[in-house]
Amino acid sequence: MKRILTLLAAVAALLTLGSCHKTCTCTTYNNVQHTYTADEVDAAGVSCSEMKYLPGWQHYAVCSWD
C-alpha cells in the first residue's frame, strides 16, 4: 500500500511540474479555436475561464486550460 501511495505522489508531482506550459484554449461559437499562453491570460488580468468575456462582451463560447 505504501508503494502505491508513493507512486501516486510521484505521478502527481510530475503532472504538476509538467503543467507549467498550459495553454488557455478558447472556442468561438462557430467552433474556431484560439490559444493563449499563461502570460497572455495574466496580462489580460483575468482567469482562463473569464477570457470568454473579452472586452466587455462574451467573445467565446468557452475557455479552458489544456
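The figures that follow rest on heavy atoms only: side chains count, while hydrogens, waters and symmetry mates do not. Just so it is clear, the structure is predicted and the values come from calculations on it, not from any experiment.
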What donor-acceptor contacts under 3.5 angstrom involve side-chain atoms of residues 26-35, with partners at least two apart or in another chain?
| residue | atom | partner | partner atom | Å |
| --- | --- | --- | --- | --- |
| Thr28 | OG1 | Asn30 | OD1 | 2.5 |
| Thr28 | OG1 | Val32 | N | 3.0 |
| Thr28 | OG1 | Val32 | O | 3.2 |
| Tyr29 | OH | Gln58 | NE2 | 3.2 |

Extract all donor-acceptor atom pairs below 3.5 Å that involve side chains of residues 45-54 and protein atoms in other chains or at least two apart in sequence.
| residue | atom | partner | partner atom | Å |
| --- | --- | --- | --- | --- |
| Ser47 | OG | Ser49 | OG | 3.3 |
| Ser47 | OG | Glu50 | OE1 | 3.3 |
| Glu50 | OE1 | Ser47 | N | 3.0 |

Please list every donor-acceptor pair under 3.5 Å in which a side-chain atom of residues 59-66 meets a protein atom from a residue at least two apart or in another chain.
| residue | atom | partner | partner atom | Å |
| --- | --- | --- | --- | --- |
| Tyr60 | OH | Tyr36 | OH | 2.5 |
| Asp66 | OD2 | Thr25 | OG1 | 2.4 |

- Query: If you link I, L, V, M, F, W and Y whenever their side-chain heavy atoms are under 4.5 Å apart, who else ends up in the same group as Trp57?
  - Reply: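 Under the 4.5 Å side-chain rule, Trp57 groups with nothing.
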